[in-house]
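One structure is given here, and the rest of the page talks about it.
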Amino acid sequence: AQSVTQLDSQVPVFEEAPVELRCNYSSSVSVYLFWYVQYPNQGLQLLLKYLSGSTLVESINGFEAEFNKSQTSFHLRKPSVHISDTAEYFCAVRVKGNTPLVFGKGTRLSVIA
Amino acid sequence: DGGITQSPKYLFRKEGQNVTLSCEQNLNHDAMYWYRQDPGQGLRLIYYSQIVNDFQKGDIAEGYSVSREKKESFPLTVTSAQKNPTAFYLCASTTRTGARWSANYGYTFGSGTRLTVV
């Protein structure tokens with residue numbers, strides 16, 4: 001069975017600084033990888049996803065993630081964060097077929113002015 | 001606009017009472033899911049359904065029940081057998097391509113129901 005490990009439960013960072021949220025997965029088969037964002041008391045919104053092809057995927061708001069098969073990682077990065085990026089971020093994995101998404105425990109990103 | 005509606009947003013119940021959380025979608029999605037979210041524990045799967053009148057247990061199904069009588073509706077009942085029901089509950093849905101599931105679809109989430117049992 002697949003699993004997801006988010007290595008940091010909380011990440012504080014100053015505004016306009018870069019940030020990396022780490023995600024490692026475990027699976028014996030090929031996977032699809034996702035990053036979701038959750039603002040307080042709301043549901044999750046899809047941020048970006050890796051399906052196949054280029055290992056670097058980007059979102060519309062400046063985040064990017066790189067799939068690294070040898071290290072089984074899918075870290076999320078942003079070169080310059082804003083206050084509005086303060087939220088909880090979840091990494092998730094899904095294998096081919098109809099198995100449900102498996103989520104990590106989340107990383108709370110706090111951007112400090 | 002299409003989406004998932006969860007109601008109510010906040011729910012208070014006395015210990016020992018059953019309570020039903022509503023989840024309705026107008027996306028024509030085939031599969032629906034219920035997750036429970038607790039601080040520091042991420043999202044844990046309770047039940048899911050890929051077709052009407054059929055559903056499967058997730059990782060933490062004990063103390064919960066579901067039904068899927070209509071494609072657009074997937075209510076969750078938190079029974080008195082659930083030992084620690086206070087949590088944030090999220091409903092999600094996804095679709096498939098023709099007769100085959102495609103794992104490259106992400107999920108669409110509702111805005112959640114916060115259940116507090118006193």
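Lettering follows sequence order; numbering is per chain, from 1. Both backbone and side-chain heavy atoms feed into the values below; hydrogens, waters and symmetry mates do not.
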Residues of residues 5-18 of chain B with any heavy atom under 4.5 Å of a heavy atom in chain A: B/Lys9, B/Tyr10
Same cluster (ILVMFWY, side-chain, under 4.5 Å), B/Tyr47 and B/Tyr33: no
Residues, nucleotides or ligands: over 12 heavy atoms within 6.0 Å of B/Lys71 NZ: yes
hydrophobic_cluster_shared for B/Leu76 and B/Val117, side chain cutoff 4.5 Å: yes
Nearest heavy-atom neighbours spanning A/Gly43 and B/Leu90: CA-CD2, 3.7 Å
A/Leu44 backbone acceptor or donor facing B/Tyr107 side chain under 3.5 Å: no
Close approach to chain B in residues 4-23 of chain A, criterion heavy atom under 4.5 Å: none
Separation between OH of B/Tyr35 and CZ of A/Phe103, rounded to the nearest 0.5 Å: 5.0 Å
Closest non-hydrogen atom pair between B/Phe88 and A/Asn41, with its separation: CZ-C, 4.2 Å
B/Leu45 reachable from B/Tyr89 in the ILVMFWY side-chain graph, under 4.5 Å edges: no
Other residues, nucleotides, ligands: >12 heavy atoms within 6.0 Å of B/Glu62 CD: no
Closest non-hydrogen atom pair, B/Gly42 against A/Phe90: CA-CE2, 3.7 Å
Hphob cluster co-occupancy, B/Phe55 + B/Tyr64, side-chain heavy atoms under 4.5 angstrom: yes
Under 4.5 Å from any heavy atom of chain A - which part of B/Leu43: both
In one Ile/Leu/Val/Met/Phe/Trp/Tyr side-chain cluster, 4.5 Å: A/Phe63, A/Tyr39: yes
Interface residue of largest heavy-atom contact number with chain A, from B/Gln37, B/Arg114, B/Arg44, under 4.5 Å: B/Gln37
